[in-house]
Student: 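One structure follows; several queries about it will come next.
Keep in mind that this is a model prediction, so the values were computed, not measured. Just so you know, ligand 1 is whichever comes first in the structure, and atom 1 is the first atom listed for that ligand.
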Amino acid sequence: MLIKRKRGWEMPESAVTSETHFRDRRRLMKGIAAGSILAAAAPGLTACGSEAAPMDDPSAGLYPAQRNMRYRVDRDLTSEELATSYNNFYEFGSSKNIVRAAQKLPIRPWTVTLDGMVEKEQQIAIDDLLKQVKLEERVYRFRCVEAWAMTVPWTGFPMRKLVEIAKPLSGAKYVRMETFMDPSIAPGQKQSWYPWPYVDGLTMAEATHDLTLLATGIYGKPLPPQNGTPLRFITPWKYGFKQVKSIVRFTFTDQRPVGYWEALQAREYGFWANVNPEVSHPRWSQATERLLGSDERVPTQLHNGYAEFVGDLYKGMEGEKLFM
Ligand SMILES: Nc1nc2c(c(=O)[nH]1)N[C@H]1C(S)=C(S)[C@@H](COP(=O)(O)O)O[C@H]1N2
Ligand SMILES: [Mo]
């Protein structure tokens, strides 16, 4: 197959738009949009120039939820504006600037399938699932493999609760999570050289760990589309590419799932993807990270600062490639 454009995973980190430039460009674009110079050409605008109103989120009344104080982070929160506008969501484009495109994601109806090695396969509407769980807020560090980082208040519920609802069989060893698939909504999914739909997975021990969250909200509100509404996976000690967005299916299995990035480039992106400052990405160091909203680099921490909680999960697994 002929591929003309440089693919995302081939880009050195230095080629990824710096977030400072990103902010400036976004400010410029906002100014232009306000002056409506480009209104007719901008995607998401109708012929008469008014934007289709995004659907109100029916779960909005569940927010804000009470903050769980067990997990504290000793650095400032990233601004909501940045965390909800500097995104990675290849379904809507390979740049960090996908907010507008992502507004096409229909937030309801949204059905979550629980299948594979379970007592009984289930399909649950997201709002029924939300009735079966108790939402809480957790401030977590977030670390992308590209060495940018943020500090974000997620709202959600422990994934352990979803595992209880799913009732997996004793032979299940992994959970595979899958993002929606609809190229008519997500233009990136028309690019057939990517292994759609976006998937990733984890072990049952990881899925039932208290830190492992299924996020439904951010900054005390439902997740906006660009951050993976209505359900998104969060393991704060792993690199961001594990954190599957807009999940429609959880499959319990005895086969280790091959993630989207692992399928693309197994030499660079593995199953475990635990953060470690001493294990470089093949093309750049992971020793430091840049906090969104600042140009300063800070040291990366083992397990992204969560080693005291998750270190035991990996005892005796030294033969595995735990840090890529
Ligand atoms: N479905 C889907 N999930 C995804 C991605 C994606 O492209 N598609 N990108 C991942 C990567 S690489 C990162 S860093 C985070 C970014 O999450 P954020 O945009 O909420 O910061 O989402 C992860 N989850
Ligand atoms: Mo990422």
Student: Compute the ring centroids of Y71 and Y306, then answer whether they are less than 6.0 Å apart.
Tutor: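 Y71 vs Y306: aromatic centres not under 6.0 Å.
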Student: Could you note down all residue pairs passing side chain to side chain donor-acceptor pair (under 3.5 Å) where residues 160-173 supplies at least one of them, sequence neighbours left out?
Tutor: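 Only R160-D210 qualify under side chain to side chain donor-acceptor pair (under 3.5 Å).
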Student: Show me the short polar-atom pairs for ligand 1: any N or O of it lying under 3.5 Å from a protein N or O, with distances only.
Tutor:
residue	atom	partner	partner atom	Å
ligand 1	1 (N)	E91	OE2	2.9
ligand 1	1 (N)	T179	OG1	3.0
ligand 1	3 (N)	K245	N	3.2
ligand 1	7 (O)	Y90	N	2.7
ligand 1	8 (N)	E91	OE1	2.8
ligand 1	9 (N)	N88	O	3.4
ligand 1	17 (O)	R232	NH2	2.9
ligand 1	17 (O)	K245	NZ	3.4
ligand 1	19 (O)	N87	ND2	2.9
ligand 1	19 (O)	N88	N	3.2
ligand 1	19 (O)	K245	NZ	2.6
ligand 1	20 (O)	N227	ND2	2.9
ligand 1	20 (O)	R232	NH1	2.9
ligand 1	22 (O)	R232	NH2	3.4
ligand 1	24 (N)	Q243	O	2.8

Student: Show the nearest heavy-atom pair for residues I185 and F92, with the distance to one decimal.
Tutor: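 Here I185 and F92 meet closest at O-CE2, 3.6 Å.
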Student: For N274 and W237, what are the C-alpha separation, side-chain angles and deciding distance, and is it a side-chain hydrogen bond (donor to acceptor under 3.5 Å, both in side chains)?
Tutor: CA-CA 6 Å; N274 295 324; W237 70 96; 3.2 Å; yes
Student: Identify the heavy atoms of F180 and P197 that sit nearest to each other, and give their distance.
Tutor: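 Closest approach of F180 to P197, heavy atoms only: O-CB, 4.3 Å.
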Student: Within 45 degrees of the axis of the six-membered ring of Y239 and under 6.0 Å from its centre: does R143 put its NZ or CZ there?
Tutor: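 No, R143 and Y239 do not form such a contact.
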